[in-house]
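The block underneath contains the structure these notes are about, expressed in structure tokens.
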Amino acid sequence: MRTPLSRHAARALVGLAAAPLLLAAAMPAGAAPTPAHPGADARPPGQAKKDTLRWVAPKDLVIGTAVAGGGHHLAQPYPDPFTSDQEYRRVLAAEFSSLSPENQMKWEFLRPERDVWNFGPADAVVEFAERNKQDVRGHTLLWHSQNPEWLEQGDFTAEELRAILKEHITTVVGRYAGRIDQWDVANEIFNGDGTLRTTDNIWIRELGPGIIADAFRWAHEADPKAKLFVNDYGVEGLNAKSDAYYALVQDLLAQGVPVHGFSVQGHLSTRYGFPGDLQANLQRFDDLGLETAVTEIDVRMDVPQGQQPTAAQEQRQASDYRRALEACLAVEDCNSFTVWGFTDEYSWVPVFFSGEGHATIMTADLERKPAYHALRDTLAAASGRTVRG
Ligand code: XIL
């Protein structure tokens with residue numbers, strides 16, 4: 001849902017949009033254009049802007065965002081955001097202390113053919129994070145979605161599939177060993193009723209539920225320092241699906257499987273009430289000795305095309321973001337809070353949820369919304385820091 005005068009449209013009007021397009025076409029996949037001023041992404045140490053989310057956050061909580069690229073972006077009328085949009089990169093570096101590649105580490109993106117690896121864009125995200133002193137959340141290794149055709153349609157024996165998964169996890173986790181803080185090892189492995197996805201998840205269907213433990217073991221071998229997570233949507237509150245994770249995690253821990261974290265994606269909608277039992281849910285995993293995290297929060301709303309949200313809608317959205325952050329802050333080892341994109345310009349929501357949008361904390365013009373201020377005020381209250389603009 002792009003406003004007629006979004007930043008890209010405005011740039012097109014003044015004839016600047018073609019430059020990044022040409023640049024993107026001429027560059028090898030994943031290469032980032034050299035910033036106009038080297039190091040322009042980051043401020044010199046000691047000169048951090050003191051009005052940003054990352055600056056105001058308590059030291060034991062990273063504030064993350066997805067890094068736009070791949071997936072739905074490929075079908076949008078703009079060039080790759082991460083490599084082309086300098087203003088986007090500036091905000092990405094300034095506001096956030098953790099980055100999650102939105103699609104760049106998914107199977108279909110990383111491995112378009114069985115023996116063709118496309119690491120460039122993922123490498124670029126990790127390098128950007130290092131330059132800007134940001135954590136990275138790796139996403140994701142064992143999932144039912146966004147797998148390449150060669151895998152989903154391939155004619156593999158169980159032994160071959162197992163070897164393919166082991167090779168994948170060993171290669172990908174090993175490549176970034178010591179540089180990725182948290183990995184979503186298993187993503188969305190349960191149905192809403194708490195049964196395992198035994199039909200649409202190729203790994204569980206073909207190899208049985210035991211493959212989940214193996215995926216964690218292989219990831220841990222490849223990077224013993226990374227915290228390994230199970231991650232899902234619809235598990236914010238206490239319900240059949242989060243109960244299934246609670247049982248699974250206890251089972252894995254009892255077997256000595258290296259599982260370290262439970263995370264809720266947090267794709268919320270103002271159509272539904274806020275999951276008021278989020279804190280209680282995170283707490284029960286914390287009590288098992290796990291880290292917890294909010295990994296993909298956005299709060300979508302119904303806004304007719306061409307219109308803007310009402311003040312009441314924006315307040316409700318701000319309240320949901322604030323309550324989710326407060327729940328995380330209240331749980332000792334909830335150490336990471338990530339928004340699934342920070343600008344409406346690049347959000348996946350309008351593409352996937354018809355009629356819904358405006359789900360992120362900044363407008364398409366990178367204006368800070370009430371939701372942004374709700375997060376920053378909540379962080380300031382928790383850290384005792386004073387925002388200085
Ligand atoms: C979404 C991306 O945002 C889109 O760009 C892509 O087209 C589809 O996937 N749960 C997840 C994320 O774990 O990987 C999904 O990301 C959103 C839901």
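Hydrogens, waters and symmetry mates play no part in the numbers below; they use all other heavy atoms, side chains included. All ligand and atom numbering here is 1-based and tracks the order in the structure.
- The single protein non-hydrogen atom nearest to atom 11 (C) of ligand 1 is E296 OE1, 3.1 Å, given as residue, atom name and distance.
- Taking distance alone, with nitrogen or oxygen atoms compared against 3.5 Å, W348 stays at or beyond that limit from ligand 1.
- Neither the backbone nor the side chain of D184 has a heavy atom within less than 4.0 Å of ligand 1.
- Between R284 and D287 no salt bridge is recorded (no basic side-chain N to carboxylate O distance below 4.0 Å).
- Shortest contact from atom 15 (C) of ligand 1 to any protein heavy atom: K106 NZ, 3.8 Å.
- Of all the atoms in ligand 1, the ones that sit under 4.0 Å from a non-hydrogen atom of H267 are 17 (C), 18 (C).
- With ring centers used as reference points, H168 lies under 6.0 Å from W117.
- Taking only nitrogen or oxygen atoms, main chain and side chain alike, W143 does not reach within less than 3.5 Å of ligand 1.
- Taking CG of D184 as the start and OG1 of T140 as the end, the distance is 5.0 Å to the nearest 0.5 Å.
- Contacts between F352 and ligand 1, counted as non-hydrogen atom pairs separated by less than 4.0 Å, involve the side chain only.
- A centroid separation of less than 6.0 Å is found between the aromatic rings of H267 and W348.
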Step by step, work out the side chain to side chain contact (heavy atoms under 4.5 Å, CB included) result for Q279 and E326. CA-CA 8 Å; Q279 183 183 329; E326 282 172 352; over 6 Å; no
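- Aromatic pair F82/F128: centroids less than 6.0 angstrom apart.
- For CD of Q255, the number of neighbouring non-hydrogen atoms (other residues, nucleotides, ligands) closer than 6.0 Å is greater than 12.
- No close placement of the Y246 and F262 rings is indicated, their centers lying 6.0 Å or farther apart.
- For W218 and W203, the ring centers sit 6.0 Å or farther from each other.
- Ligand 1 has no nitrogen or oxygen under 3.5 angstrom from a nitrogen or oxygen of H73.
- Within the listing of ligand 1, atoms 10 (N), 11 (C), 13 (O), 18 (C) sit less than 4.0 angstrom from a heavy atom of Q265.
- Ranking the protein heavy atoms by distance from atom 5 (O) of ligand 1 puts H72 ND1, 2.7 Å first.
- Taking every non-hydrogen atom of H139 and a distance limit under 4.0 Å, the qualifying atoms of ligand 1 come out as 11 (C), 12 (C), 13 (O), 14 (O).
- The closest side-chain donor-acceptor pair between S347 and D344, if any, does not fall under 3.5 angstrom.
- Evaluated by nearest non-hydrogen atom to atom 2 (C) of ligand 1, the leading choice among M105, E102, E108 is E102.
- Distances below 4.0 Å separate heavy atoms of G71 from the following atoms of ligand 1: 5 (O), 6 (C), 7 (O).
- Using a 4.0 Å cut-off to heavy atoms of N187, the atoms of ligand 1 that qualify are 13 (O).
- If you look at Y321 and Y372, their ring centroids are not closer than 6.0 Å.
- Distances below 4.0 Å separate heavy atoms of Q146 from the following atoms of ligand 1: 6 (C), 8 (C), 9 (O).
- In this structure, atom 6 (C) of ligand 1 lies nearest to the protein heavy atom N103 OD1, 3.3 Å.
- Close approach to E188 involves these atoms of ligand 1, each under 4.0 Å from a residue heavy atom: 10 (N), 11 (C), 13 (O), 18 (C).
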